[in-house]
Each structure stands twice: as structure tokens, then as C-alpha cells.
*Asks:* 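Next up is a structure, given as C-alpha cells.
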Amino acid sequence: MTAQATKKSGNLFIISAPSGAGKTTLVRTLVASMPKLQVSISHTTRQRRPDETDGSDYHFVDVNRFERLIAQGRFLEYARVFDHYYGTSKSWVEEQLQAGTDIILEIDWQGARQVRRRMPAALGIFVLPPSHASLAARLRERGDDEEAIKRRMRDARTEIDHYKEYEFLVVNDALEAALEELGAIIRALRNGYAQQQDYFDAFAQRILRDAQ
């Protein structure tokens with residue numbers, strides 16, 4: 001039996017949603033309640049805010065450092081948003097998966113495409129709002145001004161248009177129900193043969209050898 005097959009490996013989950021669909025609340029709540037599940041910590045070139053901690057909220061680096069990492073192929077995905085870079089460390093994700101930890105990437109459909117090119121086994125979950133009206137209402141409840149709401153609603157239409165690129169869809173109408181569905185997906189795939197082939201092959205072969 002190989003060392004890799006003695007334990008289950010982690011799964012890489014991509015979770016995407018339009019702004020206001022409640023993705024961040026769902027993910028944070030789920031991670032707090034489910035062991036061996038972690039959200040990836042991105043690298044960014046934007047300035048650290050007073051309430052943020054380096055290495056916990058983000059890995060804060062300067063532009064030169066970030067661009068060197070790009071040139072070295074160190075990112076699983078990256079993007080430039082409003083003059084700042086954001087990216088996911090490929091080596092960190094691989095280390096966590098090998099250790100048996102499931103990793104969640106909270107990224108948009110463009111980042112999801114980058115990840116799938118590098119890690120085709122990544123599993124996509126798209127979070128949908130219950131309706132167009134509820135999405136606008138949630139943005140207003142958040143305190144966004146009308147101009148920002150209009151922009152985010154336009155962006156939401158583009159994001160939602162890519163829902164077919166994801167393996168699973170969760171409608172976030174009621175938080176508890178959406179949490180249960182999201183958790184059920186992750187728990188099921190921890191025992192999926194396609195995801196844990198090495199582990200289950202070694203396990204079954206050991207039983208068969210013992211039965212001889």
C-alpha cells in the first residue's frame with residue numbers, strides 16, 4: 001500500500017456566486033462547524049486594513065513579489081481587480097489536500113476556469129439567490145448605494161450565466177437549508193470513489209487479501 005493510499009486526500013471545492021447571494025456567510029458557517037475543511041487564504045497586493053491580519057485574512061505582498069510569483073507559475077489562479085492582484089497559492093493548496101484537508105476557493109467563474117485547467121479534479125458549487133428581487137434586496141440590506149447595486153446586479157447576471165459550468169447548485173433561500181445541502185455535498189464527496197480511488201482501492205484490496 002502506498003503512503004498516499006493510507007488516508008483519504010482532501011477535495012478541492014470551488015464555490016462561486018453573484019454578490020449578495022450569501023456565499024461568504026454560508027462558507028464561514030460551514031467551515032466553523034465541519035472539521036478538516038478550510039478556506040484558502042489568498043495573496044493580495046492591496047493594503048492591509050486595520051482589522052485584518054497578515055496570514056489569516058490574506059497574505060499581503062507587494063506588486064513586485066506578486067509578479068515574480070506569477071512568472072514562477074506559483075498561482076493556481078490569479079486576477080487583477082481594481083488595480084490590485086489577488087491569487088491562490090498552488091503549493092499551499094496541494095499541501096493541504098495531501099494532508100487530507102478539504103479546501104474551498106471562493107472565486108468567480110473566471111478564476112474557476114483557471115483552476116480547472118490546472119486541477120481538473122476540482123469540484124464546482126454555484127450558489128444561487130432565490131430570485132432576482134431577493135438579490136437586489138440583500139444588497140440594499142447590506143448598505144450598498146444604488147449605483148453600486150446597479151453595477152453588482154449587472155455583474156450578477158454575468159456570473160449566473162455560467163452556472164452550467166459547475167457540478168452542483170445550491171439555492172440560498174433559507175440559510176439552514178442551504179447549509180445542509182452544501183454540507184451534504186462535501187460529506188458525500190469525502191467518500192466518492194472517483195475522489196478517493198487510491199484510498200478505497202487499497203482498503204478493498206487489503207480485505208480481499210485477508211479473505212484468501
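Since the structure is predicted, the reported quantities are computational estimates derived from the model, not experimental observations. Just so it is clear, the values below take in all heavy atoms, side chains as well, and ignore hydrogens, waters and symmetry mates.
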*Asks:* Transitive ILVMFWY cluster of Trp92 at side-chain heavy atoms under 4.5 Å: who else is in it?
*Replies:*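 Listed partners: Leu12, Ile14, Leu76, Val93, Leu97, Ile103, Leu105, Ile107, Trp109, Val115, Met119, Phe126, Leu128, Ile160, Tyr163, Tyr166, Leu169, Val171.
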
*Asks:* For a quick check under 3.5 Å, do Thr45 and Arg80 share a side-chain donor-acceptor pair by atom type?
*Replies:* no

*Asks:* Using the side-chain contact (heavy atoms from CB on, under 4.5 Å) criterion, which residues pair with Gln47? Sequence neighbours excluded.
*Replies:* none

*Asks:* Nearest 0.5 Å, what's the NZ-CE distance between Lys36 and Met34?
*Replies:*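 These two atoms lie 13.0 Å from each other.
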
*Asks:* Are Phe168 and Leu30 linked, directly or through other ILVMFWY residues, by side chains that come within less than 4.5 angstrom of each other?
*Replies:*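 Both belong to a single hydrophobic cluster.
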
*Asks:* For Phe66, I'd like to know if atom CZ has over 12 heavy atoms of other residues, nucleotides or ligands within 6.0 Å.
*Replies:*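 Atom CZ in Phe66 is packed in, count exceeds 12.
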
*Asks:* Listing request: all side-chain hydrogen bond (donor to acceptor under 3.5 Å, both in side chains) pairs with a residue in residues 52-67, at least two apart in sequence or in separate chains.
*Replies:*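 The answer is Arg46-Glu52, Glu67-Tyr85.
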
*Asks:* Hey, are Asn172 and Lys23 close enough side-chain-wise for a donor-acceptor pair under 3.5 Å?
*Replies:* no

*Asks:* Under 4.5 Å between any side-chain heavy atoms of Gln196 and Ser9, yes or no?
*Replies:*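 They are in side-chain contact.
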
*Asks:* Please name all residues satisfying salt bridge (Lys or Arg N to Asp or Glu O under 4.0 Å) with Arg113, sequence neighbours left out, ordered by chain then number.
*Replies:* Glu165

*Asks:* Check the side chains of Thr88 and Glu77 for a donor-acceptor pair under 3.5 angstrom, ignoring hydrogens and angles.
*Replies:* yes

*Asks:* Taking the six-membered ring where the residue is Trp, are the ring centres of His43 and Phe75 under 6.0 Å apart?
*Replies:*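 For His43 and Phe75, the ring centres are under 6.0 Å apart.
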
*Asks:* Apply the test side chain to side chain contact (heavy atoms under 4.5 Å, CB included) to residues Phe200 and Asn191: give CA-CA distance (whole Å), side-chain angles for both, the deciding distance (0.1 Å), then the verdict.
*Replies:* CA-CA 9 Å; Phe200 284 119; Asn191 290 305; 3.9 Å; yes

*Asks:* Return the set of residues passing salt bridge (Lys or Arg N to Asp or Glu O under 4.0 Å) with Glu94 (not counting sequence neighbours), or none when no residue passes.
*Replies:*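 Residues passing salt bridge (Lys or Arg N to Asp or Glu O under 4.0 Å) with Glu94: Lys90.
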
*Asks:* Report, as yes or no, whether the 6.0 Å neighbourhood of atom NE2 on His84 holds more than 12 heavy atoms from other residues, nucleotides or ligands.
*Replies:* yes

*Asks:* Identify the residue among Arg138, Arg142, Glu159 that makes a side-chain hydrogen bond (donor to acceptor under 3.5 Å, both in side chains) with Ser19.
*Replies:* Arg142

*Asks:* Out of curiosity, Arg151 CZ to Leu139 CG, how far, rounded to the nearest 0.5 Å?
*Replies:*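 Rounded to the nearest 0.5 Å, the CZ-CG separation comes to 10.5 Å.
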
*Asks:* Who are the side chain to side chain donor-acceptor pair (under 3.5 Å) partners of Thr25, not counting sequence neighbours?
*Replies:* none

*Asks:* So how far is it from Thr158 OG1 to Gln110 CD, rounded to the nearest 0.5 Å?
*Replies:*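 Interatomic distance, Thr158 OG1 to Gln110 CD, rounded to 0.5 Å: 9.0 Å.
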
*Asks:* In this structure, would Leu123 and Ile186 fall into the same cluster of hydrophobic residues linked by side-chain contacts under 4.5 Å?
*Replies:*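 Yes, one cluster joins them.
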
*Asks:* Under the rule for side chain to side chain donor-acceptor pair (under 3.5 Å), what residues qualify as partners of Glu167, not counting sequence neighbours?
*Replies:* Arg116

*Asks:* Tell me whether Arg28 at atom CZ has more than 12 heavy atoms from other residues, nucleotides or ligands lying less than 6.0 Å away.
*Replies:*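 No - once you tally the heavy atoms of other residues, nucleotides and ligands closer than 6.0 Å, there are 12 at most.
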
*Asks:* Any pair with a residue in residues 15-37 that passes ring pair (Phe, Tyr, Trp, His ring centres under 6.0 Å), sequence neighbours left out, goes on the list, sorted by first then second residue, please.
*Replies:* none

*Asks:* Residues two or more places apart in sequence or in another chain: which of them pass salt bridge (Lys or Arg N to Asp or Glu O under 4.0 Å) with Arg152?
*Replies:*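 Partners of Arg152 under the salt bridge (Lys or Arg N to Asp or Glu O under 4.0 Å) test: Asp144.
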
*Asks:* Is there a side-chain contact between Met153 and His132 in this structure, where contact means two heavy atoms from C-beta onward sitting under 4.5 Å apart?
*Replies:*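 Yes, close enough: below the 4.5 Å cut-off.
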
*Asks:* Could you see if Leu175 belongs to whatever hydrophobic cluster contains Leu182? Use Ile, Leu, Val, Met, Phe, Trp, Tyr and a side-chain cutoff under 4.5 Å.
*Replies:* yes

*Asks:* Look up atom CD1 in Ile15 and atom CD in Glu106, then write down how far apart they are to the nearest 0.5 Å.
*Replies:* 7.0 Å

*Asks:* Give the cluster check for Leu208 versus Tyr193: same hydrophobic cluster or not, with ILVMFWY residues linked at side-chain heavy-atom distances below 4.5 Å.
*Replies:* no

*Asks:* Residues in side-chain contact (heavy atoms from CB on, under 4.5 Å) with Val31, at least two apart?
*Replies:*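 For Val31, the residues satisfying side-chain contact (heavy atoms from CB on, under 4.5 Å) (neighbours in sequence not counted) are Val27, Leu37, Val39, Ile104.
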
*Asks:* Report the distance from atom CD1 of Ile185 to atom CZ of Arg190, rounding to the nearest 0.5 Å.
*Replies:* 13.0 Å

*Asks:* Which residues satisfy the side-chain contact (heavy atoms from CB on, under 4.5 Å) test with Glu181, sequence neighbours excluded?
*Replies:* Val170

*Asks:* Rounded to the nearest 0.5 Å, how far apart are CG of Asp145 and NZ of Lys150?
*Replies:* 10.0 Å

*Asks:* With sequence neighbours excluded, tell me which residues meet side-chain contact (heavy atoms from CB on, under 4.5 Å) with Glu146.
*Replies:* Arg140, Ile149

